[in-house]
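Worksheet for the structure shown next.
All figures in this text were calculated on a predicted structure; none of them were measured in a lab.
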Amino acid sequence: MLGHHPTGVSLVTSLSEDGDPIGMVVGTFSSVSMDPPLVSFMPMKSSYTWSRMKPAKRFCINILAADQQQRCGEFMRASAEQRFSNWRWDPSPHGLPILSDVIAWIDCGVVDEVEAGDHWIVLGKVESLGVSRSVPPLLHFQGGYGRFAPKSLVSIPDHDIRFGVRDAELARPVLERLADAHDAECSSIVTIGNEAVAVVGAATGPNVSNARRLGLRMPLVPPVGDVFAAFNSQDFADRWIDRRTDRSEATARRLLDRLRLVQDQGWSASATASGIYSDLALHQAFRNFTTGTYTPAEERKILSAVAKSTEYYSPDPITRRSLYTVGSLVVPVHHEDGRVRSALRLGQLNKSMTGAELFALADELMEAAREIQAIYRTHDGAGTSDLQVEIISH
């Protein structure tokens, strides 16, 4: 039964009476108290390593990362004399080993050792500590090792993304023409299930940052992906609204109004009337989401960056005579049956324009979407059995 409870994996280090580094891997490290700061771990009474550590009356907890599974295994299999020969370490403030690339370390003095059945409960007072890198931890579960993945933003595998890549290649001439004409980034975006969207094709104008967006993923969390929510099924839209970070009913109504606006216009724009527009934090969040290695704390940062971008996705209609700073413009590309096949996005605009100019740009982009739909119809009718697509993961 206890095997069904996952535990973190830590490496406890100390120094022998001869001053040699010693260590053991444990799954029993735990926080005990904040005031005073106390932690504990539980070595077996029969542990030879603990018997060598005990005289030092000090220990250092090294919290292992998910990508250190192999190194952890090698450490446990090695003899006591060889365990530190292939793992670089630096001394803690009290001289104990802090292993390279661990998530965090906690340097402690032993304050008590309590007998508990076939184990000792070793209680330590925290005297110094530090975080080395914020990545998912190594976990032990049912006799095996693994990693933690936040549930709410897990990106679905690319089970059907290859068709989006094929479509993007067919549409590439249109993407390149639009990118050059408006000195912007023009991309093709598809959904991955109902949880995320991905950039499967992109072209950039001559004066636009060529930072590679191909493969970039974005969580389908409001306001991101409003075009897909507006032009897909009602069930899709309801689930999209339900993933909002602000759980208030007022926000739900505002998002519903936004979807109605996008449906009425036929397109979505991220814009502001304040004259100040910046999506740098949002795109950094997207890059972190794309890696799939974010921690719960970083997940909260991703959701926070997405939530802050809501100010650029107003449900209020565009006024033709007003002045706006526009960041991006997105239109749907449909299947013949009316379903959304992909989205055509003109991004990195960051241009000031009147509402009338924005409507004109939207008309041009929707015409380009119709051109792409015609390309798809021609190609679909000709068959695709001989088409080979190579997908490069970034």
Side-chain angles (χ1 to χ4, degrees), residues 161 163-191 197-218 223-228 230-231 262-263 265-272 277-280 282-283 286 309 312-313 318 320 323-336 340-380 389 392 394:
I161 199 172
F163 298 112
V165 175
R166 179 203 64 184
D167 283 356
E169 285 304 305
L170 293 172
R172 178 163 294 281
V174 179
L175 301 184
E176 291 176 345
R177 186 186 75 222
L178 289 168
D180 288 340
H182 297 282
D183 200 16
E185 174 199 350
C186 191
S187 54
S188 178
I189 302 172
V190 298
T191 55
V197 293
V199 177
V200 291
T204 53
N207 298 308
V208 175
S209 168
N210 62 356
R212 300 190 72 173
R213 301 291 178 91
L214 194 63
L216 188 72
R217 297 180 183 214
M218 295 156 274
V224 175
D226 58 354
V227 159
F228 292 103
F231 295 102
V262 172
Q263 290 167 347
Q265 293 176 159
W267 47 271
S268 167
S270 60
T272 177
Y277 183 99
S278 175
D279 59 4
L280 293 178
L282 186 61
H283 281 280
F286 291 160
S309 69
Y312 301 133
Y313 294 82
I318 298 293
R320 290 182 177 271
L323 195 64
Y324 299 90
T325 301
V326 181
S328 64
L329 185 63
V330 187
V331 301
V333 178
H334 295 280
H335 287 277
E336 286 189 75
V340 178
R341 185 163 179 163
S342 62
L344 181 62
R345 180 180 185 273
L346 200 59
Q348 296 196 57
L349 285 167
N350 299 330
K351 295 177 180 177
S352 179
M353 61 182 75
T354 63
E357 290 172 324
L358 177 55
F359 272 101
L361 181 58
D363 288 342
E364 180 184 349
L365 204 60
M366 286 192 290
E367 180 58 36
R370 288 188 286 270
E371 181 182 349
I372 291 172
Q373 288 166 195
I375 293 172
Y376 292 164
R377 283 196 299 273
T378 301
H379 193 272
D380 291 345
V389 178
I392 302 174
H394 294 273

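- Exactly one residue among N350, D180, D183 makes a side-chain contact (heavy atoms from CB on, under 4.5 Å) with V208. That residue is D183.
- The minimum heavy-atom distance linking L365 with L329 is given by the pair CD2-O, 3.5 Å.
- At least one side-chain heavy atom of V174 sits less than 4.5 Å from a side-chain heavy atom of R177.
- Expressed to the nearest 0.5 Å, how far CE of M366 lies from CD of Q373 amounts to 11.5 Å.
- Nearest heavy atom pair, residue I372 against residue V333, reads CG2-CG1, 4.0 Å.
- In this structure, L175 and S187 have side chains that are not in contact, with every pair of non-hydrogen atoms separated by 4.5 Å or more.
- Of all heavy-atom pairs spanning K351 and H182, the tightest one is NZ-O, 2.5 Å.
- In terms of heavy atoms, Y277 sits closest to A271 at CE1-N, 4.1 Å.
- Counting only heavy atoms from C-beta outward, the side chains of V262 and F231 approach each other to under 4.5 Å.
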Take S268 and D226, measure what side chain to side chain donor-acceptor pair (under 3.5 Å) needs, and give me the verdict at the end.
CA-CA 7 Å; S268 167; D226 58 354; 2.8 Å; yes

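- Across H283 and R345, no two heavy atoms sit closer than the pair NE2-NH2, 3.9 Å.
- Closest non-hydrogen pair, I318 versus W267, comes out as CG1-CH2, 4.2 Å.
- A salt bridge is defined here as a Lys NZ or Arg NE, NH1 or NH2 lying under 4.0 Å from an Asp or Glu carboxylate O, and R172 with E169 meets this definition.
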Is there a side-chain contact (heavy atoms from CB on, under 4.5 Å) between L361 and L349? Walk through the geometry before answering.
CA-CA 11 Å; L361 181 58; L349 285 167; 4.2 Å; yes

For a side chain to side chain donor-acceptor pair (under 3.5 Å) check, start with the C-alpha distance between S270 and S328, then their side-chain angles and the critical distance, and finish with the verdict.
CA-CA 5 Å; S270 60; S328 64; 2.7 Å; yes

